[in-house]
Amino acid sequence: MDLNPGEAILHEGDPERCVVLLPGVRYFSQAPLLWFAREAAGAAGWSALELSERAPADADPFAWMSDRAERALAATDASRIVVVGKSLGSVAAPLTADRGLPAVWLTPLLVRPEVVSALSTAQAPALLIGSNGDPTWSGGELPANDVLEVVELEGLDHSLQVEGDPLASLDVLREVTERVAGFLERSA
């Protein structure tokens, strides 16, 4: 189950440690949260496998992401894997829970029962970052599980940005990047 050329980009670092980056439906791997998560991984010496394509318009995005996540995980031989997913990428939570993989979920879809169920039963550490201003976070169910580190930021949109204030958004990006870097350090 390998990825085809153009589906992913491998950023080489330590071959035994790999971060697998899963995008959102309209939030691609080059967008700030995932870009800087990848940069944090690289700065700490991790390899990063970046899923770089978008779901085709005629495909069910949830099924597409589940398939791509499974294929991305199969494409790495690293002994230590951390998944970092943005929004749609969180539909891979059942896969990561089944495999006992640590994960970072950026604006996870807490409105999807399969995501909440997987997070509720996860046994590996996971960092969840969202905002009470995001309906896919605040309108859903935040699971109770001791392995979850939950960071709820105040009044941000689904991209974890402050509408109309790019400098405040950069401050949030710095905080999120620091949180991701700290999680990777603990997962090394």
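Note that these values count all heavy atoms, side chains included, but never hydrogens, waters or copies made by symmetry. One-based numbering along the sequence shown.
- Ser47 places a side-chain N or O within 3.5 Å of a backbone atom of Gly13 that can act as its donor or acceptor partner.
- At a threshold of 4.5 Å between side-chain heavy atoms, the hydrophobic network of Ile, Leu, Val, Met, Phe, Trp and Tyr places Leu170 and Leu34 in one connected group.
- Nearest heavy atom pair, residue Ala118 against residue Ala97, reads O-CB, 3.8 Å.
- Taking CD of Glu175 as the start and CD1 of Ile129 as the end, the distance is 7.5 Å to the nearest 0.5 Å.
- The distance from atom CG of Asp60 to atom CE of Met65, rounded to the nearest 0.5 Å, is 11.5 Å.
- Heavy-atom neighbours of Trp35 CH2 from other residues, nucleotides or ligands within 6.0 Å: at or below the threshold of 12.
- Panel note: side chain Asn145, backbone Leu119; a donor-acceptor pair is recorded below 3.5 Å.
- Distance CZ/Phe28 to CG/Leu21: 15.0 Å, rounded to 0.5 Å.
- Across all non-hydrogen atoms, the minimal contact from Ala40 to Thr177 is CB-CG2, 4.3 Å.
- Tyr27 and Leu173 end up in the same hydrophobic cluster when Ile, Leu, Val, Met, Phe, Trp and Tyr side chains are linked at under 4.5 Å.
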Going through the distances and angles, do Ser187 and Arg80 end up as a side chain to side chain contact (heavy atoms under 4.5 Å, CB included)? CA-CA 8 Å; Ser187 300; Arg80 192 72 179 138; 4.1 Å; yes
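- The shortest distance between side-chain heavy atoms of Arg112 and Val91 falls below 4.5 Å.
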Carefully, step by step, assess Phe62 and Leu109 under the rule side chain to side chain contact (heavy atoms under 4.5 Å, CB included). CA-CA 11 Å; Phe62 302 103; Leu109 300 177; 3.9 Å; yes
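- The environment of CZ in Arg26 is sparse: at most 12 heavy-atom neighbours from other residues, nucleotides or ligands sit within 6.0 Å.
- Taken together through direct or relayed side-chain contacts under 4.5 Å among Ile, Leu, Val, Met, Phe, Trp and Tyr, Leu33 and Leu128 form parts of separate hydrophobic clusters.
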Given Val180 and Phe36, is the side chain to side chain contact (heavy atoms under 4.5 Å, CB included) satisfied, shown in steps? CA-CA 9 Å; Val180 171; Phe36 283 98; over 6 Å; no
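- In this structure, the side chain of Asp14 does not engage the main chain of Trp46 through any donor-acceptor pair within 3.5 Å.
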I'd like to know whether Leu142 forms a side chain to side chain contact (heavy atoms under 4.5 Å, CB included) with Leu110, so could you lay out the CA-CA distance, the side-chain angles of the two residues, the decisive distance to 0.1 Å, and finally the verdict. CA-CA 7 Å; Leu142 189 59; Leu110 299 180; 3.7 Å; yes
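- Considering only residues two or more places apart in sequence or on other chains, Thr107 meets the side-chain hydrogen bond (donor to acceptor under 3.5 Å, both in side chains) condition with Lys86.
- Within the 4.5 Å cutoff, the side chain of Val82 has heavy atoms near those of the Phe183 side chain.
- Here the closest heavy-atom approach between residue Gly155 and residue Asn132 is recorded as N-OD1, 2.7 Å.
- Panel note: side chain Arg17, backbone Ala44; a donor-acceptor pair is recorded below 3.5 Å.
- A distance-only check finds no donor-acceptor pair linking the side chain of Ser159 to the backbone of Gln161 [under 3.5 Å].
- In the hydrophobic cluster analysis, where Ile, Leu, Val, Met, Phe, Trp and Tyr join through side-chain heavy atoms closer than 4.5 angstrom, Trp105 is grouped together with Val115.
- Proximity of a side-chain donor or acceptor of Ser117 to a complementary backbone N or O of Pro113 within less than 3.5 Å is not detected.
- Within a 6.0 Å sphere centred on CZ of Arg99, heavy atoms belonging to other residues, nucleotides or ligands number more than 12.
- A donor-acceptor contact shorter than 3.5 Å is absent between the side chain of Thr76 and the backbone of Leu73.
- Follow the hydrophobic side-chain contacts under 4.5 Å out from Leu127 and you never reach Val116; the two are in separate clusters.
- A donor-acceptor distance shorter than 3.5 angstrom exists from the side chain of Ser131 to the backbone of Leu156, with no hydrogens or angles considered.
- Atom CG of Asp146 is separated from atom CD of Gln123 by 12.0 Å, given to the nearest 0.5 angstrom.
- In the displayed structure, Glu163 atom CD is contacted under 6.0 Å by at most 12 heavy atoms of other residues, nucleotides or ligands.
- Other residues, nucleotides and ligands place no more than 12 heavy atoms under 6.0 Å from the CZ atom of Arg54.
- In this structure the side chain of Ser87 reaches within 4.5 angstrom of the side chain of His158, judged on heavy atoms.
- Here the CD atom belonging to Glu7 is positioned 4.0 Å from the CZ atom belonging to Arg71, to the nearest 0.5 angstrom.
- Scanning all heavy atoms of the two residues, the minimum distance from Cys18 to Ala78 falls at CB-CB, 3.7 Å.
- Across every non-hydrogen atom of Ala124 and Pro102, the tightest pair is CB-N, 3.6 Å.
- Rounded to the nearest 0.5 angstrom, Ser120 OG and Leu148 CG are separated by 7.5 Å.
- Within a 6.0 Å sphere centred on CD of Gln30, heavy atoms belonging to other residues, nucleotides or ligands number more than 12.
- Of all heavy-atom pairs spanning Ala72 and Val20, the tightest one is CB-CG1, 3.8 Å.
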